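Please read all numbers here as calculations on a predicted model, not as lab measurements. Residue numbers run from 1 in the order of the sequence given.
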Amino acid sequence: LGAGKPQDFASTQLLSFEACVQCGRCEEVCPANISGMPYSPRVLIQDLRKATVLALSSPNGQSEQEILGSMVSEEYPWYCTTCGACLVKCPAFVNPIDQVIDLRRYQVLTSGNMQKSIGDVLRNVERQGNPWGMPAEDRMAWAEGLGVRELKPGESTDVLLFLGCAFAYDDRNKKVAQSFVKLLQKSGVDFAVLGMDESCCGETARRMGHEYLFQVFAQQNIEAFGKVKFNRIVTQCPHCFNTLKNEYPQMGGVYKVQHYTEYLAELTLPKLSLNGKSIHGRLAYHDSCYLGRYNHIYSQPRNILDNAKVNRIELPRKLQNSFCCGGGGGQMWMETDAETRINHRRLDEAMKAEAEVVATACPYCLIMFDDAIRSKGVGDKIEVLDIAEILERQME
């Protein structure tokens with residue numbers, strides 16, 4: 001149920017509070033801090049350390065005072081995008097993200113003190129099975145006319161395409177899913193989807209503190225996976241990818257899971273032709289946090305783009321030092337002050353690098369860049385495309 005008092009944290013977490021040397025390296029790379037939000041992973045750890053010291057100095061070694069609302073504001077944990085930049089830089093291996101999630105869990109599952117937008121998203125997930133709140137029966141509407149095979153219990157396929165909620169319900173990402181399916185079809189891949197048997201992977205619920213919902217969805221998907229046969233799961237969403245690969249094993253679901261850029265890097269694609277729709281301008285690839293820092297996939301997307309004969313450039317902050325798009329950790333659905341939007345800063349970096357196209361491999365990154373481009377009114381100077389869309393444009 002999360003952590004509301006110091007004694008609710010695990011002993012290893014309490015030790016990590018003491019391990020912090022206050023060097024500030026996490027603070028220097030935190031996108032929320034850089035963007036002007038009132039948040040610092042260093043300050044969070046130090047505040048939790050103070051709360052622990054106070055608890056230990058009490059007669060029974062425990063505190064009756066809750067952390068949130070007294071030592072830490074109730075809004076504080078929600079500024080974190082869970083991007084992982086702080087983990088890369090910390091010399092003492094302190095993980096502020098674990099503490100952020102535990103504090104969120106306490107708010108969501110125990111106190112109920114949270115922003116209305118957070119409650120709305122979790123209610124959407126609970127009632128409709130997706131964060132967008134779209135009707136569950138519309139999950140396969142994106143594939144109309146494409147002839148995508150839906151697996152029935154007992155049937156088999158080589159590639160099980162796990163779509164994820166963004167590609168099923170977000171209008172912009174539906175086009176990306178369609179582009180990827182066309183690539184698979186042109187390449188002669190044996191693939192299929194679960195159709196209506198696919199549930200949300202649960203990542204949004206877990207990152208926003210609703211652990212119960214995550215486990216419910218994980219169990220539903222694991223049961224659905226067990227009714228069909230496949231050699232690998234391929235997904236376009238890094239958040240689904242990280243969840244299925246690294247977190248479903250906690251629930252007993254162990255599979256070969258690949259992000260679609262990994263799979264495409266192995267695949268012999270049809271001949272590319274630089275036709276009228278080809279990408280000719282300067283193109284910059286943006287490293288997704290959950291694809292890069294969390295799963296160390298850096299070379300495959302770049303190799304795919306280079307093989308597609310685009311004019312690829314690098315952004316100043318790239319690879320493990322990439323700057324977050326601002327959409328992770330539930331930030332996609334939270335209201336943010338216009339002056340502190342992380343996606344606007346990342347777009348500014350791309351424009352200063354004179355990129356005409358930003359290439360992404362994550363639905364959240366695509367949405368955040370698209371939102372920033374529209375907000376700033378610079379659609380005539382720069383556009384954002386998923387790698388699957390770029391390949392389809394280049395393909396003969």
Side-chain angles (χ1 to χ4, degrees), residues 31 34-37 81 83 132 142 166-167 169-180 182-183 236-238 260-261 272-289 291-292 301-302 304-318 322-328 331-396:
I34 292 171
S35 299
M37 295 182 185
T81 66
C83 72
W132 275 263
W142 66 275
F167 295 105
Y169 296 108
D170 176 64
D171 288 339
R172 179 65 184 84
N173 279 292
K174 285 179 185 179
K175 298 176 183 177
V176 178
Q178 292 161 358
S179 291
F180 182 52
K182 291 173 184 176
L183 290 175
Q236 291 179 267
C237 177
Y260 86 102
T261 56
L272 299 176
S273 174
L274 300 181
N275 52 44
K277 294 194 298 180
S278 298
I279 308 296
H280 298 292
R282 288 162 60 90
L283 181 147
Y285 172 66
H286 162 77
D287 287 287
S288 158
C289 301
L291 191 61
R302 288 172 168 80
I304 291 170
L305 289 169
D306 290 342
N307 290 335
K309 299 178 174 60
V310 297
N311 179 19
R312 187 174 67 83
I313 63 171
E314 291 284 4
L315 296 174
R317 286 189 271 201
K318 58 183 184 295
S322 179
F323 194 70
C324 180
C325 74
Q331 287 285 335
M332 265 275 300
W333 294 275
M334 292 185 222
E335 297 178 7
T336 307
D337 188 288
E339 299 300 318
T340 61
R341 288 178 184 164
I342 296 170
N343 57 337
H344 286 197
R345 279 157 181 76
R346 188 54 166 166
L347 175 62
D348 287 343
E349 287 188 351
M351 296 192 70
K352 286 177 182 177
E354 298 181 352
E356 297 167 68
V357 178
V358 175
T360 67
C362 170
Y364 291 1
C365 295
L366 183 70
I367 291 171
M368 298 306 285
F369 269 103
D370 195 54
D371 174 77
I373 290 170
R374 291 171 184 271
S375 297
K376 287 179 168 287
V378 292
D380 58 331
K381 298 178 181 177
I382 190 169
E383 68 174 327
V384 57
L385 295 170
D386 188 271
I387 288 177
E389 294 178 302
I390 293 168
L391 286 180
E392 191 195 5
R393 284 195 186 188
Q394 301 286 82
M395 190 166 290
E396 184 175 45

* State, to 0.1 Å, how close Thr81 and Cys324 come at their nearest heavy-atom pair, and which atoms those are. => OG1-SG, 3.5 Å
* Applying side-chain hydrogen bond (donor to acceptor under 3.5 Å, both in side chains), name anything that partners Glu349, two or more places apart in sequence or on another chain. => Arg317, Arg346
* Is there side-chain contact between Asn311 and Leu283, with heavy atoms separated by less than 4.5 Å? -> no
* Would you indicate whether the side-chain heavy atoms of Val378 and Leu347 approach each other to under 4.5 Å? => yes
* Rounded to the nearest 0.5 Å, what's the gap from OH on Tyr169 to CH2 on Trp142? Could you check? => 12.5 Å
* Asked: Distance from Leu305 atom CG to Ile387 atom CD1, nearest 0.5 Å?
  -> 4.5 Å
* Smallest separation among heavy atoms of Leu183 and Ala388, with atom names -> CD1-O, 3.8 Å
* Measure the spacing between CZ of Arg345 and CD1 of Ile34 and express it to the nearest 0.5 Å. => 9.5 Å
* Considering all heavy atoms, the nearest Thr261-Ala361 contact -> CG2-CB, 4.0 Å
* Is His344 close to Glu339 at the side-chain level, that is, under 4.5 Å between some pair of heavy atoms? -> no
* Look up atom CD in Gln236 and atom CG in Asn173, then write down how far apart they are to the nearest 0.5 Å. => 8.5 Å
* Could you go through the side-chain contact (heavy atoms from CB on, under 4.5 Å) check for Met332 and Met368 one step at a time? => CA-CA 8 Å; Met332 265 275 300; Met368 298 306 285; 3.9 Å; yes
* Asked: Sub-3.5 Å donor-acceptor pair from the side chain of Arg282 to the main-chain atoms of Ala353, do we have one?
  -> yes
* Asked: Would a 4.5 Å heavy-atom cut-off, applied to side chains only, mark Tyr364 and Cys289 as touching?
  -> no
* Find the distance between CG (Asn343) and CG (Asp348) and round it off to the nearest 0.5 Å. => 9.5 Å
* Structure fact -> In terms of heavy-atom contacts, Leu291 and Pro301 come closest through CD2-CG, 4.3 Å
* To do: Please identify each residue that fulfils side chain to side chain contact (heavy atoms under 4.5 Å, CB included) with Arg302, with sequence neighbours left out.
  => Tyr285, Asp287, Tyr298, Arg312, Glu314, Lys318, Leu319
* Counting only heavy atoms not in Lys175, do more than 12 sit closer than 6.0 Å to its NZ atom? -> no
* Asked: Is there a donor-acceptor pair closer than 3.5 Å between any side-chain N or O of Gln394 and the backbone N or O of Ile279?
  -> yes
* Structure fact -> Of all heavy-atom pairs linking Ala308 and Leu391, the shortest is CB-CD2, 3.8 Å
* **Any Ile342 side-chain heavy atom under 4.5 Å of Gln331 side chain** => no
* **Pairwise side-chain hydrogen bond (donor to acceptor under 3.5 Å, both in side chains) hits with a residue in residues 377-391, at least two apart** => Arg172-Glu389, Tyr260-Asp386
* **Between NE2 on residue His286 and CG on residue Leu315, distance to nearest 0.5 Å** => 8.5 Å
* Under-4.0 Å salt bridge between Asp370 and Arg374 -> yes
* Asked: Are side-chain heavy atoms of Ile313 and Glu354 found at a separation under 4.5 Å?
  -> no
